[in-house]
Amino acid sequence: NMAEEAKKLAAYSAVDNNVQNNHVVGVGSGSTVVYAVDRLAERVRQEKLNIVCVPTSFQARQLILKHGLMLSDLERHPELDVAIDGADEVDSELTLIKGGGGCLTQEKIVAGCSKFFVVIADYRKDSDALGQQWKKGVPIEVIPMAYVPVSMTIAKHFGGEVSLRMAVSKAGPVVTDNSNFILDWKFEHTHNWKEVNTAIKMIPGVVETGLFVNMAQQAYFGMEDGSVKVRK
Ligand code: DER
């Protein structure tokens, strides 16, 4: 369908324009990045590219192994050349909401270790302001024992509604790759996302927020008309 085609467009364009021989590549999580790994594997075969891949989740690790790409980690490669990952929403300043797939913590670590972080997304993620397109709120990874007080503190200081993300194919809450819970904070109005990110991060029990501020250098959007729009 159109959104899947758009994801593929963005993914192929980003990989072709940013991945070079001998690169250490951070591989994100979610559905869009699947196309990026397909393209990476194709280029490795066709161009005999020599790259290693650092995953951001069990899902990313499985994708890397499934395609026979060279798997590595931050112990062996603490500095990456490029990280490629999806997003739930991208605003005009390249501030992101991520974590729709519950992988935000390792994603932010890997993005932070990369010289270059490029987002790949379909047109639905292309936004002017956070909250315009994405209505599920900001994901926040928390230590399980603290999810109630953390929820209360966020609602009290920033408004909106905070809910514990419940699993669909498992009874009870979603448990992340790091054995934590996820809160979704449905904010009511725009905020200074840099300040909010820092403030939420400081709440005892918060592991990471899905607000990626001043991290992405570029975003590739696959558009409905088959074009690719790049925001820098
Ligand atoms: O969970 C995540 O952070 C994913 O990267 C998400 O933000 C994008 O997933 P999608 O490519 O399936 O929309």
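Count residues from 1 along the sequence. Both ligands and their constituent atoms are indexed starting at 1 by order of listing.
- A salt bridge links Asp126 with Lys229: the distance from a Lys NZ or Arg NE/NH1/NH2 to an Asp or Glu carboxylate oxygen falls below 4.0 Å.
- At distances below 3.5 Å, not a single donor-acceptor pair connects side-chain atoms of Arg39 with backbone N or O atoms of Ser13.
- By the neighbour-count criterion of 12 heavy atoms within 6.0 Å, atom CZ of Arg61 is sparsely surrounded, having that number or fewer from other residues, nucleotides or ligands.
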Find all protein N or O atoms under 3.5 angstrom from an N or O atom of ligand 1 and list the pairs with distances, or write 'none'.
from: ligand 1; atom 1: 1 (O); to: Gly100; atom 2: N; distance (Å): 3.4
from: ligand 1; atom 1: 1 (O); to: Gly101; atom 2: N; distance (Å): 2.6
from: ligand 1; atom 1: 3 (O); to: Lys98; atom 2: NZ; distance (Å): 3.0
from: ligand 1; atom 1: 3 (O); to: Gly99; atom 2: N; distance (Å): 2.8
from: ligand 1; atom 1: 3 (O); to: Glu107; atom 2: OE1; distance (Å): 2.6
from: ligand 1; atom 1: 3 (O); to: Glu107; atom 2: OE2; distance (Å): 3.3
from: ligand 1; atom 1: 5 (O); to: Ser29; atom 2: O; distance (Å): 2.8
from: ligand 1; atom 1: 5 (O); to: Asp85; atom 2: OD1; distance (Å): 3.2
from: ligand 1; atom 1: 5 (O); to: Lys98; atom 2: NZ; distance (Å): 2.8
from: ligand 1; atom 1: 5 (O); to: Glu107; atom 2: OE2; distance (Å): 3.1
from: ligand 1; atom 1: 7 (O); to: Asp88; atom 2: N; distance (Å): 3.4
from: ligand 1; atom 1: 7 (O); to: Asp88; atom 2: OD1; distance (Å): 3.2
from: ligand 1; atom 1: 7 (O); to: Asp88; atom 2: OD2; distance (Å): 3.3
from: ligand 1; atom 1: 11 (O); to: Thr32; atom 2: N; distance (Å): 3.1
from: ligand 1; atom 1: 11 (O); to: Thr32; atom 2: OG1; distance (Å): 2.7
from: ligand 1; atom 1: 12 (O); to: Ser31; atom 2: N; distance (Å): 2.8
from: ligand 1; atom 1: 12 (O); to: Ser31; atom 2: OG; distance (Å): 2.5
from: ligand 1; atom 1: 13 (O); to: Lys125; atom 2: NZ; distance (Å): 2.6

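- With values rounded to the nearest 0.5 angstrom, Leu71 atom CG is found 11.5 Å from Gln62 atom CD.
- Remark: Lys8 does not engage Asp38 in a salt bridge, criterion side-chain N to carboxylate O under 4.0 Å.
- No more than 12 heavy atoms of other residues, nucleotides or ligands sit less than 6.0 Å from atom OH of Tyr147.
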